[in-house]
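FYI, the numbering just counts along the sequence from 1. Computation of the quantities below employed the complete heavy-atom set of this structure, encompassing side-chain atoms and omitting hydrogens, waters and symmetry-equivalent molecules.
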Amino acid sequence: MSANATAAGAGRRTIAVMVLIPVVVALTLWAFAWPAARTAPRDLPVGVAGPATAVTALEQDLARHEGAFEIHRYEDGAAARAAIENRDVYGAVVVTPGGTELLTASAASPVVAGLLREALTAQAPDGAKVQVTDVVPAPAGDPRGAVLASSLLPLALAGAAAGVVTTLLGLRGGRAVAALAGAAALAGTVGAALAHSWLGALGGNWWAEAGVLGLTVLTIGSTFAGLAALFGKPGLGLGALLMILLGNPFSGLSSAPELLPSAVGTLGQWLPPGAAGSALRSLSSFEGAAAGGPLLVLTLWAAAGLTATVIGARRRTDPVEPASVSAVPIPARAG
């Protein structure tokens with residue numbers, strides 16, 4: 001190769017780096033900053049309960065915030081409490097002869113609980129006292145949900161590391177699956193020991209939480225390994241885009257999916273980080289209520305990633321079929 005060709009190639013790579021880095025910065029800022037800047041309730045499920053006349057007036061007041069709330073009507077405060085505990089709604093306003101009571105669940109989202117409290121207080125008549133009851137409080141070790149939200153990125157990075165290392169070490173097929181599963185099981189155990197036993201950020205069944213943490217690492221790790229097995233190095237970049245660049249900020253774990261722009265909140269719950277956050281909240285504080293959907297999402301991603309890991313390895317190791325013997329002309333024997 002001539003010196004001119006070498007210099008031209010180096011020049012193209014230099015320009016590629018100069019262009020790629022600003023694009024990555026812009027994409028990262030868009031993914032992380034834009035949803036945070038557009039935080040607002042969008043079809044946020046809330047309940048109302050009490051006498052028909054009072055409830056109708058309350059619904060009309062909430063409806064003034066167009067598109068902000070998805071209102072569910074309940075017969076009484078007990079039904080509203082049950083709906084909160086089942087994760088059907090984030091909170092409920094109950095009108096009783098003694099006044100108005102706001103039921104919240106800071107375990108579902110401290111941000112939403114605060115938002116509902118501010119909204120109801122602002123609408124209350126001057127001098128009227130609004131009683132606030134936290135039906136499902138957040139764990140004592142994480143009253144603001146900051147620890148749980150902060151744990152999502154390390155989980156994603158652990159899964160990414162498992163997938164990348166498995167790929168770089170050349171592990172394929174069954175060996176890759178075994179490595180990913182083993183790393184995920186140990187990561188889940190360590191994660192539960194830290195988040196539950198040490199920090200007190202989780203408050204449910206220890207082994208169930210460890211299982212979800214491990215499943216999350218397995219899902220993300222198998223996605224990286226599977227995409228790399230199918231597409232090579234570009235697959236690792238695609239995995240980083242889905243699991244870290246989009247999955248983490250679109251998860252809604254620091255606020256709630258319904259507080260993000262609609263498409264973002266919906267997409268986030270179909271990606272493993274968002275599904276993992278929802279499942280952990282359900283298992284930690286709601287005895288598993290509404291955990292089925294997020295766990296199904298994680299399971300489907302894990303199955304797809306492991307399948308891609310095995311299939312991709314076979315495609316790369318299968319020898320090229322030799323040309324058919326019948327297609328090769330055989331010279332006639334003399335005589």
Side-chain angles (χ1 to χ4, degrees), residues 35-140 142-146 148-149 203 251-262 264-266 269 277-278 281-282 284-287 289-290:
R38 297 294 185 268
T39 298
R42 296 172 177 84
D43 293 325
L44 186 72
V46 296
V48 294
T53 304
V55 168
T56 300
L58 185 58
E59 288 178 337
Q60 292 174 350
D61 290 338
L62 292 175
R64 293 175 184 173
H65 305 277
E66 186 176 355
F69 300 106
E70 178 185 287
I71 303 172
H72 299 253
R73 182 179 288 202
Y74 300 99
E75 293 183 2
D76 52 30
R81 283 174 175 266
I84 293 173
E85 292 169 350
N86 290 330
R87 301 205 70 183
D88 295 328
V89 293
Y90 281 91
V93 182
V94 181
V95 181
T96 66
T100 301
E101 181 182 13
L102 173 63
L103 306 178
T104 64
S106 59
S109 171
V111 175
V112 171
L115 184 152
L116 293 176
R117 185 166 53 249
E118 293 174 3
L120 187 60
T121 302
Q123 291 182 354
D126 293 339
K129 184 178 180 180
V130 178
Q131 180 182 352
V132 180
T133 302
D134 197 350
V135 176
V136 187
D142 190 21
R144 298 180 180 176
L148 181 59
S251 68
L253 192 56
S254 60
S255 55
E258 293 84 359
L259 296 186
L260 301 177
S262 298
V264 168
T266 301
Q269 294 307 296
S278 296
R281 271 185 167 155
S282 292
S284 174
S285 302
F286 295 88
E287 298 183 352

Can any side-chain N or O of Arg42 pair as donor or acceptor with the backbone N or O of Leu260 at less than 3.5 Å?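 Side chain of Arg42 to backbone of Leu260, a donor-acceptor pair under 3.5 Å: yes, one is there.
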Minimal non-hydrogen separation, [X] against [Y], with atom names:
X      : Y      : answer
Ala138 : Pro143 : CB-O, 3.7 Å
Ala105 : Ile84  : CB-CG2, 3.5 Å
Gly145 : Pro110 : N-CG, 3.9 Å
Val111 : Ser254 : CG2-O, 3.5 Å
Ala80  : Val94  : CB-CG2, 4.3 Å
Val46  : Val89  : C-CG1, 3.8 Å

Report the residues that fulfil side chain to side chain contact (heavy atoms under 4.5 Å, CB included) with [X], sequence neighbours left out, ordered by chain and then residue number.
X      : value
Leu148 : Asp142, Ser151, Leu202, Leu253, Leu280, Arg281
Ala256 : Tyr90, Ser109, Val112, Glu258, Leu259
His65  : Ala68, Phe69, Gln123
Ala36  : none

Please enumerate all residues that pass side chain to side chain donor-acceptor pair (under 3.5 Å) together with [X], with sequence neighbours excluded.
X      : value
Glu70  : His72
Ser278 : Gln269
Glu85  : none

Looking at side-chain heavy atoms only, is the closest gap between Ser285 and Pro139 below 4.5 Å?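 With C-beta onward as the side chain, the pair touches.
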Say you draw a straight line from CG of Asp61 to OG1 of Thr56; how long is it, rounded to the nearest 0.5 Å?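 Asp61 atom CG to Thr56 atom OG1 measures 11.0 Å (nearest 0.5 Å).
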Pairs satisfying side chain to side chain donor-acceptor pair (under 3.5 Å), at least one member in residues 93-106, at least two apart: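 Passing the test, one end in residues 93-106: Glu101-Thr133, Ser106-Asp134.
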What pairs meet the salt bridge (charged side-chain N to carboxylate O under 4.0 Å, His left out) rule with one or both residues in residues 86-97, with sequence neighbours excluded?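 Every pair satisfying salt bridge (charged side-chain N to carboxylate O under 4.0 Å, His left out) with a residue in residues 86-97: there are none.
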Please enumerate all residues that pass salt bridge (charged side-chain N to carboxylate O under 4.0 Å, His left out) together with Glu59, with sequence neighbours excluded.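 Scan of Glu59 (salt bridge (charged side-chain N to carboxylate O under 4.0 Å, His left out), adjacent residues dropped) gives Arg73.
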